[in-house]
Amino acid sequence: MNELVRRSLTEHRAALDRREYSSVELTHAYLNEIERREPIVGAFLTLNTEKAIQAAAQADARFAKGEGRGMLDGIPYALKDNFCTRGLRTTCASKMLADFMPPYDASVVTRLSDAGAILLGKVNMDEFAMGSTTETSALGVTRNPVNPDYVPGGSSGGSAAAVAALEVPFALGSDTGGSVRQPAAFCGVLGMKPTYGVISRYGMIALASSLDCVGLLTRTSDDCGAVLSCLVGRDEKDATSVMHPNSQFFKNERISERPLRVAVVRELLEDDEISPDIRCATVRAIEVLRERGAELGEVSLPSPEAALAAYCVISAAEAASNLARYDGIRYGRTTDGADDLFSLYAKSRSEGFGVEVKRRILFGTYMMTEDKRDLYYDRAREARGRIGERMHQILRQYDLILTPTTPTAAFKRGSALTPTQRRRADLCAVYASLAGLPALSVPFGRNTDGLPLAVQLVGAPYSEGLLLETAKCLEEVCQ
Ligand code: GLN
């Protein structure tokens with residue numbers, strides 16, 4: 001193994017600027033590591049080798065002329081396979097889109113390539129981002145690089161695995177109800193879901209539009225700040241996109257002189273579902289912050305059951321509507337043998353979608369039928385409103401909220417969990433999603449089986465800088 005791949009993005013930047021090695025050498029180092037680790041990890045669905053090497057050579061040419069484009073120039077990365085990439089297969093890990101060649105790039109892809117970052121390939125995920133293990137992918141198996149008997153989490157399991165396996169210094173994922181934070185926690189890397197709307201979702205294939213966010217996976221908080229700085233900004237092509245008041249996140253000043261006020265959520269520490277190792281890690285994180293002068297307080301949130309139920313109903317209802325476009329004509333693979341239009345729709349959809357996707361389409365459609373809507377969907381929206389209000393109220397008194405990221409460490413591959421059990425992995429993550437708040441999962445030690453543990457920091461809108469700064473305190477004690 002080439003030791004280069006161990007370095008962080010920030011270290012690569014400094015080394016590239018000093019001409020210690022070139023972007024082409026760096027790109028080769030990661031491509032070799034991909035070749036070495038993939039037989040076990042299985043994070044990648046499609047590689048972009050040739051174009052990556054070309055782009056790296058162009059970056060080197062810029063450096064030689066003193067025309068570098070900043071932090072990410074010449075740095076390799078991986079992309080979850082639900083971001084459209086022009087001329088590069090984009091599958092959502094579904095048979096439905098197995099041959100889809102997008103005619104355009106997602107806005108984040110354009111931004112990253114304008115910044116000079118090098119796309120190494122597209123990585124695995126749960127089909128249409130529905131799941132918590134990456135096992136619903138129709139196109140490949142991804143294993144947790146820390147221990148291949150365990151799942152990498154999901155739905156951005158390929159992104160987390162690629163970063164944890166040192167196959168790339170950073171990756172992008174999508175987070176609707178924890179899909180970046182949960183796999184980051186399972187694989188022992190950093191995972192950020194920013195404030196809703198601060199990164200454009202144009203070209204990111206929709207799951208549940210009122211919850212979907214582009215998410216970042218890195219190995220250090222400085223790296224996360226560097227990538228975030230490149231991605232935030234208003235985009236006319238996304239109606240929900242908003243301007244972030246800050247534009248730089250890699251040198252985060254302590255926001256104020258007074259001590260940091262941190263809220264700990266009683267329900268998410270005492271719940272029976274939270275395993276002892278996770279509880280222990282959370283308590284230790286609380287102590288670390290207290291030693292650094294933070295003031296801790298206990299708060300209460302609406303029950304995790306209510307939050308999870310609201311998330312399930314809203315995300316399924318929106319998913320059912322977003323996925324209606326895959327009818328085999330406008331979008332998606334077309335079945336071979338159908339006698340008429342309706343059987344063509346039905347056959348294309350039943351052949352193209354996997355079990356989890358079908359389950360959610362049925363569930364979501366049922367929730368939205370005329371006589372059920374007020375019973376489920378309207379009540380879920382009401383619960384969502386209450387959760388958001390309560391979170392905002394807490395964040396007026398506190399700078400941030402500290403919780404576990406997940407109730408347990410990674411689970412074994414193939415463990416016969418029911419859909420409901422699997423969804424419980426999102427117990428702590430869905431609050432920030434429902435409220436549109438920024439949240440960061442920070443790796444925090446390991447359990448006795450050697451599996452990564454993590455805690456989650458949730459802040460007020462646009463407080464990503466503070467979250468990263470706080471993560472740094474936690475990072476220091478874990479090194
Ligand atoms: N695991 C969650 C789900 O299956 C989250 C999905 C996501 O954030 N994309 O709904």
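Note that these values count all heavy atoms, side chains included, but never hydrogens, waters or copies made by symmetry. Just follow the structure's listing: the first ligand is 1, and inside any ligand the first atom is 1.
Remark: ligand 1 atoms within the under-4.0 Å shell around heavy atoms of Ser132 are 1 (N). Ligand-side atoms of ligand 1 in range of Tyr311: 2 (C), 3 (C), 5 (C), 6 (C), 10 (O), range being under 4.0 angstrom from any heavy atom. When each atom of ligand 1 is checked for a heavy atom of Ser155 under 4.0 Å away, the hits are 9 (N). When each atom of ligand 1 is checked for a heavy atom of Gly178 under 4.0 Å away, the hits are 8 (O). Applying the 4.0 Å criterion to heavy atoms of Gly131 picks out, from ligand 1, the atoms 1 (N), 2 (C), 3 (C), 4 (O).
Checked by atom type, the side-chain pair Asn322/Ser209 shows a donor-acceptor distance below 3.5 Å. When only modelled atom types and interatomic distance are considered, Ser210 and Arg384 share a side-chain donor-acceptor pair under 3.5 Å. Looking at Asn124 and Thr142, their side chains do bring a donor and an acceptor atom within 3.5 Å of each other. Side chains of Glu475 and Thr220: a donor-acceptor N/O pair is absent below 3.5 angstrom, by distance only.
Between Phe186 and Phe411, the ring-plane angle classifies as perpendicular under the 30° and 60° cut-offs.
Between Ser156, Ser179, Gly154, Pro183, it is Ser179 that holds the heavy atom closest to atom 9 (N) of ligand 1. Within the set Leu207, Asp126, Asp426, the minimum heavy-atom distance to atom 1 (N) of ligand 1 is found for Asp426.
With contacts defined as side-chain heavy-atom distances shorter than 4.5 Å, the pair Arg349/Ile361 qualifies.
Residue contacts with ligand 1: Gly177 is placed with a nitrogen or oxygen under 3.5 Å of a nitrogen or oxygen of the ligand (distance criterion only). When only interatomic distances are considered, the shortest N/O to N/O separation between Asp175 and ligand 1 does not fall below 3.5 Å. The shortest N or O to N or O distance between Thr176 and ligand 1 is under 3.5 Å.
The two residues Gly178 and Pro183 make their nearest non-hydrogen contact at O-CD, 3.6 Å. Looking at every heavy atom in both residues, Arg181 comes nearest to Ser433 through NH2-OG, 2.9 Å.
Closest to atom 4 (O) of ligand 1 among all protein heavy atoms lies Arg360 NH2, 2.7 Å.
The closest approach between any non-hydrogen atom of Ser315 and ligand 1 is not below 4.0 Å.
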